[in-house]
There are 2 protein chains.
Amino acid sequence: MSEDYSLRSVQVTLPPLARFTQFLQARGKRVTEQRRLIVEMIYSHHAHFDADELMGHLQDLIARRKISRPTVYRTLSEVVEAGLLRKMTLGRRRVYEHDYGYPRHDHLHCEMCNKLIEFHSEDLERIRDAVAREHEFQIIGHRMFISGICADCRKLDERKR
Amino acid sequence: MSEDYSLRSVQVTLPPLARFTQFLQARGKRVTEQRRLIVEMIYSHHAHFDADELMGHLQDLIARRKISRPTVYRTLSEVVEAGLLRKMTLGRRRVYEHDYGYPRHDHLHCEMCNKLIEFHSEDLERIRDAVAREHEFQIIGHRMFISGICADCRKLDERKR
DNA sequence: CTACTTGCAAATCATTTGCAGATGA
DNA sequence: TCATCTGCAAATGATTTGCAAGTAG
């Protein structure tokens with residue numbers, strides 16, 4: 001039984017690559033050099049990024065023909081499917097963020113500098129649950145964006161005047 | 001002063017096409033046959049729609065060469081810019097909804113039938129304001145989606161079993 | 001071995017653009 | 001009049017796919 005606990009704790013703290021390996025193996029997929037390199041790159045920075053920025057970070061490997069663009073896209077989808085990454089759309093940009101070993105949160109999106117500020121609110125979740133209950137709606141998840149101008153940009157703006 | 005009030009009230013109750021005409025004229029743009037036809041079609045249904053569905057509704061006019069696809073896209077952007085339409089992304093679908101003479105709301109999105117259910121919550125707005133205040137963030141707007149399974153689909157699902 | 005993967009080149013596909021002719025103010 | 005629009009055809013550009021060769025298990 002203490003075994004159960006340690007297993008559980010191992011699972012939660014499993015590094016992303018190991019977690020992804022689990023996912024692949026569970027589906028009879030293979031752990032290839034490319035998939036390893038891509039996932040390592042994704043988790044070497046903690047930031048929001050789009051496919052093209054990731055390509056940028058992988059440019060050496062892409063130039064050396066170790067990885068191709070289609071493989072990056074294919075892997076990105078798998079990593080999302082594995083639940084390690086969350087995909088969202090900001091305007092016309094498709095952005096990814098870490099979604100593993102990372103607390104649930106929503107975003108403030110600055111329309112001036114494009115920065116994303118994360119926040120978490122239990123109250124928000126309570127309201128979400130209440131609304132869903134009213135509509136007999138079964139929640140899978142939610143997504144909330146507050147758009148506006150961040151403190152930094154406001155200060156910059158004030159200085160200009 | 002009572003003048004102010006009546007002006008304000010006229011403005012709010014202006015039909016969409018008239019409001020769009022205002023917008024165009026204020027920018028030295030022209031009120032063309034195509035723009036009129038497209039805006040009329042958009043406001044003849046109250047529903048969420050994507051560019052392709054709108055093309056469908058306009059297919060007669062498109063077939064008769066009265067309107068072209070590029071013009072539909074161009075006009076759609078202008079109508080969004082005019083604040084009459086709101087654009088959002090659902091998965092890979094770009095969806096528009098009326099945003100004029102229509103109350104602010106958020107959405108429950110059914111992942112089974114793809115239906116959008118609208119709701120409004122003052123509590124949600126209060127929380128949004130509180131979060132923004134904490135971060136000294138100036139709000140322009142927000143967007144919230146709750147995804148899951150709607151009541152109808154749940155019932156269908158239960159019957160199947 | 002052999003089924004799963006990859007890189008390549010080509011296809012997609014919704015949306016956008018350049019341009020010459022048409023048209024609203 | 002003449003600047004703004006439009007339709008057309010073509011361009012875009014991110015993402016996806018078909019396929020033959022490569023490789024993990």
Side-chain angles (χ1 to χ4, degrees), chain A residues 17-18 20-39 41-42 49-82 85 87-96, chain B residues 17-18 20-42 48-82 85 87-96:
Chain A
L17 182 55
F20 188 52
T21 299
Q22 270 190 347
F23 168 84
L24 291 172
Q25 288 173 341
R27 314 206 156 200
K29 296 186 160 196
R30 291 173 184 169
V31 181
T32 63
E33 182 72 3
Q34 288 86 341
R35 295 214 255 236
R36 243 184 298 116
L37 290 168
I38 293 168
V39 172
M41 185 55 80
I42 288 173
F49 63 94
D50 61 27
D52 231 49
E53 283 166 358
L54 181 55
M55 300 292 174
H57 292 136
L58 292 166
Q59 61 185 313
D60 279 3
L61 292 161
I62 292 174
R64 296 165 197 274
R65 306 286 147 100
K66 293 294 180 192
I67 297 178
S68 66
R69 288 178 72 84
T71 294
V72 175
Y73 279 110
R74 286 187 276 237
T75 303
L76 229 23
S77 301
E78 291 162 346
V79 179
V80 169
E81 205 188 337
L85 225 44
K87 189 178 186 176
M88 45 197 187
T89 306
L90 257 70
R92 54 187 54 258
R93 223 175 135 226
R94 268 74 184 290
V95 178
Y96 297 85
Chain B
L17 182 55
F20 188 51
T21 298
Q22 267 190 350
F23 168 84
L24 291 173
Q25 289 173 341
R27 312 208 158 199
K29 295 187 160 195
R30 291 171 184 172
V31 182
T32 63
E33 181 71 4
Q34 288 87 342
R35 285 180 176 147
R36 245 184 295 117
L37 290 167
I38 293 168
V39 172
E40 270 165 12
M41 184 57 80
I42 288 173
H48 300 87
F49 64 92
D50 60 27
D52 231 50
E53 284 165 356
L54 181 55
M55 300 290 176
H57 291 137
L58 293 167
Q59 61 185 311
D60 280 4
L61 291 161
I62 293 175
R64 296 165 197 271
R65 309 284 149 101
K66 293 293 180 190
I67 297 177
S68 67
R69 290 179 70 85
T71 295
V72 174
Y73 279 110
R74 286 189 273 236
T75 304
L76 231 20
S77 300
E78 292 162 343
V79 179
V80 169
E81 205 188 338
L85 227 43
K87 190 178 187 176
M88 43 196 190
T89 306
L90 258 69
R92 56 187 51 258
R93 224 178 135 222
R94 267 78 182 287
V95 178
Y96 297 86

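Note that the structure is predicted; figures quoted are calculated from it, not measured. In the text below, chain A, chain B and the rest are named by the order of the sequence lines, each starting its count at 1. Every heavy atom of this structure was used, including side-chain atoms; hydrogens, water molecules and symmetry mates were not.
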Rounded distance (Å) that lies between atom C1' of D/dT15 and atom CG of A/Leu76: 11 Å
Mark up nucleotides 13-20 of chain C, 5' to 3', with B wherever a protein heavy atom is under 4.0 angstrom from a base atom, S wherever such an atom reaches only the sugar-phosphate, and - elsewhere. -SSBBB--
Does any part of the side chain of B/Phe49, heavy atoms only, come nearer than 4.5 Å to the side chain of B/Ile42, both counted from C-beta? yes
Assess whether salt bridge (Lys or Arg N to Asp or Glu O under 4.0 Å) is satisfied between A/Arg69 and A/Asp52, documenting all intermediate values. CA-CA 9 Å; A/Arg69 288 178 72 84; A/Asp52 231 49; 3.3 Å; yes
Distance, rounded to the nearest Å, where A/Arg65 contributes CZ and D/dA21 contributes C1': 16 Å
May I ask you to decide if A/Leu17's main-chain N or O and A/Thr21's side chain share a donor-acceptor pair within less than 3.5 Å? yes
Once you round it to whole Å, what is the distance between C1' of C/dG24 and CD of B/Gln25? 11 Å
Under a 4.5 Å cut-off applied to non-hydrogen side-chain atoms, are A/Thr89 and A/Arg93 in contact? no
Does some side-chain heavy atom of A/Val80 sit less than 4.5 Å from a side-chain heavy atom of A/Leu76? no
Within residues 30-39 of chain A, residues whose heavy atoms come under 4.0 Å of DNA chain C: A/Arg30, A/Thr32, A/Gln34, A/Arg35
For B/Arg27 and B/Glu81, run salt bridge (Lys or Arg N to Asp or Glu O under 4.0 Å): C-alpha distance rounded to whole Å, both residues' side-chain angles, the deciding distance at 0.1 Å, then the answer. CA-CA 12 Å; B/Arg27 312 208 158 199; B/Glu81 205 188 338; 2.7 Å; yes
D/dT23 P sits how many Å from A/Lys66 NZ, rounded? 9 Å
Nearest-angstrom distance from the residue atom CD1 of A/Ile62 to C1' of C/dC8: 14 Å
With a 4.0 Å cutoff (strictly under), does any side-chain N or O of B/Ser68 reach OP1 or OP2 of D/dT6? no
Starting at CE of A/Met55 and ending at P of D/dT16, how long is that distance when rounded to a whole Å? 10 Å
A/Phe20 and its side chain to side chain contact (heavy atoms under 4.5 Å, CB included) partner, picked from A/Arg36, A/Arg35, A/Lys29, A/Gln25: A/Arg35
What's the verdict on salt bridge (Lys or Arg N to Asp or Glu O under 4.0 Å) for A/Asp50 and A/Arg94, showing C-alpha distance, side-chain angles and the deciding distance? CA-CA 6 Å; A/Asp50 61 27; A/Arg94 268 74 184 290; over 6 Å; no
